[in-house]
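Each ligand, and each atom within it, is numbered from 1 in the order the structure gives. In this chain, numbering begins with 1 at the start of the sequence shown.
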Amino acid sequence: MSHIQTATRVIESALREFGGESGVAVVTSFQREGVVIVDMVQRAAPGTPVLTLETGRLPSATFEMIDAIERRYGITVERIHPDPAEVASMVESQGIDLFRDSYAQRVLCCQVRKVRPLEKRLVNLNAFFAGLRRSQSEARADIEVVDRSSQPVKISPLADWSSEEVLRYTAEHKLPEHPLYAAGYTSIGCDPCTRAVLPGEDERAGRWWWETDEAKECGLHFTPEGKVERKVDVLLREILERASV
Ligand code: SF4
């Protein structure tokens, strides 16, 4: 069975198990993988919610992608915003580009602008689709296709896909592509924390490039109780208390 067939089965099965009354959604930042997931899910169940984090630091090209997706599928992409008061407090106490100062500050920014808003939004979902692939980085080498260790369940239908398979699907279905790929980006997130990669670099090398490899995730993982849980949490809590955010 091809990876496309396998991914389609995973999606159809998840829609049956977790769907109904908006019980499942796609969460994407409109990188190629996310767009493939959007396409496959919209084919299987048109109108399935598509969510994206509008962190307040996105590149303008990402908004072009949102427009293109909305036009193509006739949907309205739901933009998840951080709490304005939390952002204002963080920026006032730590500065707008605090993530350059230390790993802890970067985690704080990602928590305020990404993790917490997403956590709040996902609380009513049974499951969500994400475009993670195992070959993207060492940190993703062991991801499950259906990760039931957390709530909501995280489904990664492309876990076994190569970047070439993603490119092939994108070309064959004439999917819109994020404009920053043409500028040498291979992974796209917030504008100040993403750069183009150099030849031979890891696909995720352009994300938080000033940090060590083990740090290059947002912490978008949830415990069965729906809480973010990572080794940096103790440190993070101390920072949050100090920063009052
Ligand atoms: S990616 Fe950068 S700007 Fe975006 S939330 Fe994380 S630290 Fe902040």
Side-chain angles (χ1 to χ4, degrees), residues 27-34 51-66 77-122 128 130-132 136-140 154 178-181 183-197 201-222 227-245:
V27 178
T28 178
S29 56
F30 304 104
Q31 299 179 70
R32 285 192 183 110
E33 288 80 0
L51 319 179
T52 196
L53 282 161
E54 214 290 53
T55 64
R57 304 301 307 266
L58 296 181
S60 58
T62 297
F63 294 100
E64 295 173 28
M65 280 300 294
I66 293 174
V77 172
E78 182 181 331
R79 303 168 195 214
I80 304 170
H81 297 274
D83 182 325
E86 274 195 332
V87 172
S89 175
M90 176 181 71
V91 169
E92 188 180 351
S93 62
Q94 316 274 330
I96 183 110
D97 290 336
L98 69 162
F99 41 81
R100 303 272 190 206
D101 294 342
S102 70
Y103 175 51
Q105 303 296 78
R106 199 274 282 174
V107 172
L108 170 63
C109 188
C110 282
Q111 286 278 336
V112 169
R113 292 185 185 273
K114 292 181 172 180
V115 177
R116 287 188 201 158
L118 186 61
E119 191 176 34
K120 260 193 226 168
R121 175 59 183 88
L122 294 190
F128 68 101
L132 308 187
Q136 282 174 315
S137 68
E138 280 186 30
R140 296 185 174 181
K154 187 173 184 175
H178 199 295
L180 287 179
Y181 284 117
Y185 289 63
T186 51
S187 181
I188 300 160
C190 288
D191 192 43
C193 297
T194 313
R195 64 156 170 77
V197 298
E201 279 189 320
D202 183 278
E203 278 185 47
R204 300 267 299 169
R207 304 292 290 275
W208 309 293
W209 61 92
W210 58 90
E211 294 180 350
T212 58
D213 284 348
E214 66 179 12
K216 294 189 180 192
E217 297 293 334
C218 298
L220 300 177
H221 173 76
F222 301 88
K227 299 291 181 191
V228 176
E229 192 60 60
R230 297 190 68 209
K231 63 184 178 184
V232 297
D233 282 351
V234 173
L235 177 59
L236 180 65
R237 268 196 298 277
E238 291 171 2
I239 294 166
L240 293 175
E241 282 165 12
R242 279 206 305 275
S244 300
V245 295

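Counting non-hydrogen atoms of other residues, nucleotides and ligands closer than 6.0 Å to CD of E201 gives a total above 12.
Residue-level proximity to ligand 1 for R106 is carried by backbone and side chain together, each with a heavy atom below 4.0 angstrom. Contacts between C193 and ligand 1 below 4.0 angstrom, taking non-hydrogen atoms only, involve the side chain exclusively.
Side-chain contact check for R79 and T52: no donor-acceptor pair (N or O, by modelled atom type) lies under 3.5 Å.
In summary, an N, O or S atom of C109 is located under 2.8 Å from atom 8 (Fe) of ligand 1.
A cation-pi arrangement is present between R32 and Y181, with the terminal nitrogen or guanidinium carbon under 6.0 Å from the aromatic centre and inside a 45° cone about the axis.
Proximity to C190 (heavy-atom distance under 4.0 Å) selects the following atoms of ligand 1: 1 (S), 3 (S), 4 (Fe).
Each of Q94, Q105, R57 was checked for a side chain to side chain contact (heavy atoms under 4.5 Å, CB included) with F99, and the lone residue meeting it is R57.
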